[in-house]
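Lettering of chains follows the sequences in order, A, B, ..., and the numbering in each one begins at 1. Because only heavy atoms are used, hydrogens play no part in the values below, and waters and symmetry mates are left out as well, while side chains stay in. All values derive from a computational prediction rather than experimental measurement.
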Amino acid sequence: MAALRALVGVKRVIDYAVKVRVRPGGGVVTDGVKHSMNPFCEIALEEAVRLRERRLLQEIVVVSCGPQQCQETIRTALAMGADRGLHVEIPAPQYDSLGPFQVAKILAALAKKEGVSLVLLGKQAIDDDCNQTGQMTAALLDWPQGTFASALTLEGEQLTVEREVDGGLESIRLRLPAVVTADLRLNEPRYATLPNIMKAKKKKIEVLKASDLGVDLSSRLAVERVEEPPQRQAGVKVETVDDLVGKLKEGGLI
Amino acid sequence: QSTLVIAEHTNESLTPITLNAITAAKRLGGEVSCLVAGTNCDKVAEELSKVQGIAKVLVAQHDVYKGFLPEELTPLILATQKQFNYTHICAGASAFGKNLLPRVAAKLDVAPISDIIEIKSPDTFVRTIYAGNALCTVKCDEKVKVFSVRGTSFEAAPVSGGSANVEKVTAPSPVGQSEWIEQKLTKSDRPELTSAKVVISGGRGLKSGDNFKLLYDLADQLHAAVGASRAAVDAGFVPNDMQVGQTGKIVAPELYIAVGISGAIQHLAGMKDSKTIVAINKDPEAPIFQVADYGLVADLFKVVPELTEALKKK
């Protein structure tokens with residue numbers, strides 16, 4: 001079997017544990033806030049590393065689109081086991097309007113340029129919560145898509161994907177090349193070990209611009225406003241089950 | 001101006017979130033049509049033709065729509081769009097809609113908008129970001145606006161009183177890149193999570209999957225659906241289709257009872273629009289109490305069975 005290569009997208013986002021605050025002037029506070037790799041991207045990368053460990057993949061190329069700091073995210077990916085990195089540098093003003101559609105165009109162009117058979121992505125980023133990039137990358141490439149994956153089996157050119165759907169699970173079979181997006185239960189990502197972090201420093205990160213790939217970054221979506229959601233007021237504490245039942249009865253809820 | 005709603009269904013019946021998407025479509029103004037694609041879906045088309053406010057139901061039947069694969073549905077939607085020139089295309093923000101709509105949008109060369117909670121005008125939508133910690137108003141200048149609709153943010157359209165025309169559309173030739181194999185749905189006699197009037201969810205505090213029986217017993221008294229926090233799913237207590245939260249299901253029932261759930265941001269994102277929230281947790285500092293209407297600081301293993309008993313006597 002010909003050895004396959006995979007492209008894995010890794011997005012730099014505000015760390016999942018940070019309580020995000022809306023900035024009075026618009027947007028959310030990002031300065032001095034801890035950032036890390038989007039958790040779903042970590043799962044996608046882990047899956048790629050496992051496929052390579054089983055010798056089903058030959059090379060893992062990771063890509064991140066955004067400002068200079070994305071290289072830290074790429075380094076983390078290299079320490080987790082990716083072979084080389086691509087940083088599509090997008091300067092701050094343009095980065096503000098960068099959406100999943102523009103990223104999908106970049107990923108599709110890179111998938112062709114790098115000759116990969118598999119694009120592995122997270123199912124959604126925990127900042128914009130869009131859940132679109134994988135589907136759109138697949139569309140632009142005219143490849144099949146296995147979204148919300150909870151298990152992958154690769155046999156020759158056949159990829160079986162178990163997917164998380166609303167009522168449970170479903171299985172589909174895709175012909176490679178394909179795009180897969182990772183859901184929570186696909187795997188548990190490893191931590192980068194110190195020796196691997198040291199080794200990752202020697203791995204190569206190539207820096208490109210969107211224009212090198214012929215991708216136009218203009219967007220026809222504009223954010224008009226970002227605001228705080230209405231806050232819920234804490235209610236009352238009840239002492240006993242009977243009190244609770246009483247309150248619920250009063251409210252006509254039971 | 002006209003809108004196409006992509007109907008989600010099982011060939012047997014319409015999936016409820018489609019009715020919420022229809023309401024959103026009607027709010028835009030202009031004519032609303034629905035597209036039903038399936039293997040044997042005449043029943044669904046008939047059901048839809050009675051829903052209020054729909055002008056036309058388009059039906060495409062072909063074996064290739066088995067499993068509702070996006071690779072096969074997309075060319076059909078593109079052909080339909082070419083024929084009727086809709087200004088808007090939408091569906092419910094379910095696993096089906098989330099999987100399909102971005103693929104359609106990219107093929108139309110437009111950026112889609114996910115999971116909208118409000119329509120300000122035909123080109124301006126509100127959606128949540130950062131697990132519901134911020135609301136984002138987006139203006140869309142695309143030639144076709146493609147969006148998915150959060151079911152809990154729009155009422156269901158009335159299922160009677162309508163009289164839409166039903167028209168057949170021809171299915172484009174199969175793409176054949178993907179194949180649906182099987183479905184393993186979780187069997188349950190309880191109401192479906194996203195449309196239940198009462199939802200009881202368990203978290204890490206339940207300690208094991210077996211202990212969820214306490215919640216099922218309580219749910220049986222309240223005709224409730226049972227959900228779980230991501231922590232409970234991660235710990236392997238229950239399957240992922242029970243997850244309520246940012247990356248699971250969004251619910252907004254009349255009554256939400258959170259049991260042994262601390263209230264992580266990403267869980268709150270999935271349930272804080274519930275009308276009344278009850279929290280049961282032994283830790284008085286748990287953040288869930290900050291959003292609960294009624295908080296009970298107690299050991300769930302003691303009070304949940306007590307509550308079940310109290311409701312039996314009622």
Side-chain angles (χ1 to χ4, degrees), chain A residues 14 19-20 22 28 99-101 104 124 126-132 135-136 138-140 143-145 147-148 150 160 164-175 183-185 219-229 232 234-238 241-242 244-245 247-248 251 253-254, chain B residues 67 69-71 94-95 98-99 102-103 105-107 111-112 114 124 128-142 177-186 222 233 239-241 246-247 254-255 265 272 276 278 289-297 303 306-307 310-311 314:
Chain A
I14 293 181
K19 172 100 173 82
V20 169
V22 173
V28 299
F101 193 28
Q124 87 189 57
I126 59 163
D127 49 5
D128 60 28
D129 284 335
C130 275
N131 192 332
Q132 298 171 342
Q135 296 88 314
M136 285 197 283
L140 296 172
W143 290 2
Q145 65 190 50
T147 55
F148 325 148
S150 62
T160 307
E164 305 269 9
V165 292
D166 289 336
L169 295 169
E170 72 173 25
S171 298
I172 55 170
R173 197 176 291 131
L174 309 178
R175 202 176 60 213
D183 213 320
L184 272 183
R185 295 193 297 175
S219 168
R220 291 178 295 262
L221 295 185
V223 172
E224 286 200 329
R225 192 162 55 241
V226 174
E227 58 203 324
E228 295 248 16
R232 236 191 135 96
V236 294
K237 291 265 169 69
V238 291
V241 167
D242 287 342
L244 178 60
V245 171
K247 293 281 187 200
L248 293 178
L253 289 157
I254 54 173
Chain B
L69 294 162
E71 294 82 3
S94 57
K98 288 175 183 173
N99 190 31
R103 190 172 180 105
K107 293 305 268 182
S114 294
T124 308
T128 66
I129 53 175
Y130 292 100
N133 281 301
L135 299 180
C136 180
T137 305
V138 189
K139 185 164 186 293
C140 174
D141 287 324
E142 299 287 6
Q177 292 178 323
S178 53
E179 183 194 346
W180 184 83
I181 306 170
E182 61 170 344
Q183 205 170 37
K184 283 175 268 178
L185 297 188
T186 315
L222 291 165
V233 172
N240 191 53
D241 53 277
Q246 176 190 22
T247 62
E254 300 287 316
L255 175 61
I265 296 165
K272 68 181 175 186
T276 301
V278 171
F289 288 120
Q290 289 162 24
V291 300
D293 299 284
Y294 304 115
L296 179 56
V297 180
V303 298
E306 270 180 41
L307 184 55
L311 293 169
K314 177 175 72 117

Against chain B, label [X] side chain, backbone, both or neither, depending on which of its atoms sit under 4.5 Å from a heavy atom there.
X         : value
Ala104(A) : neither
Ser219(A) : neither
Leu244(A) : side chain
Val238(A) : both
Gln124(A) : side chain
Val28(A)  : side chain
Ile126(A) : both

Side-chain donor-acceptor pair present, Gln135(A), Asn99(B), cut-off under 3.5 Å: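 Distance-only check fails for Gln135(A) and Asn99(B).
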Salt bridge flag under 4.0 Å for residues Glu179(B) and Arg173(A):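 Salt bridge present between Glu179(B) and Arg173(A).
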Counterpart residues, side chain to side chain contact (heavy atoms under 4.5 Å, CB included), relative to Thr276(B) (two or more places apart):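 Listed in chain order: Leu253(A), Leu255(B), Asp293(B), Tyr294(B).
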Non-neighbouring partners of Asp166(A) that pass side chain to side chain donor-acceptor pair (under 3.5 Å), sequence neighbours left out: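 Result, side chain to side chain donor-acceptor pair (under 3.5 Å) vs Asp166(A): none returned.
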Engaged part of Thr128(B) at the chain A interface, taking heavy atoms whose separation is under 4.5 Å: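 Interface part for Thr128(B): backbone (N, CA, C, O).
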Trace of the side-chain hydrogen bond (donor to acceptor under 3.5 Å, both in side chains) decision for Ser114(B) with Gln132(A): CA-CA 8 Å; Ser114(B) 294; Gln132(A) 298 171 342; 2.8 Å; yes
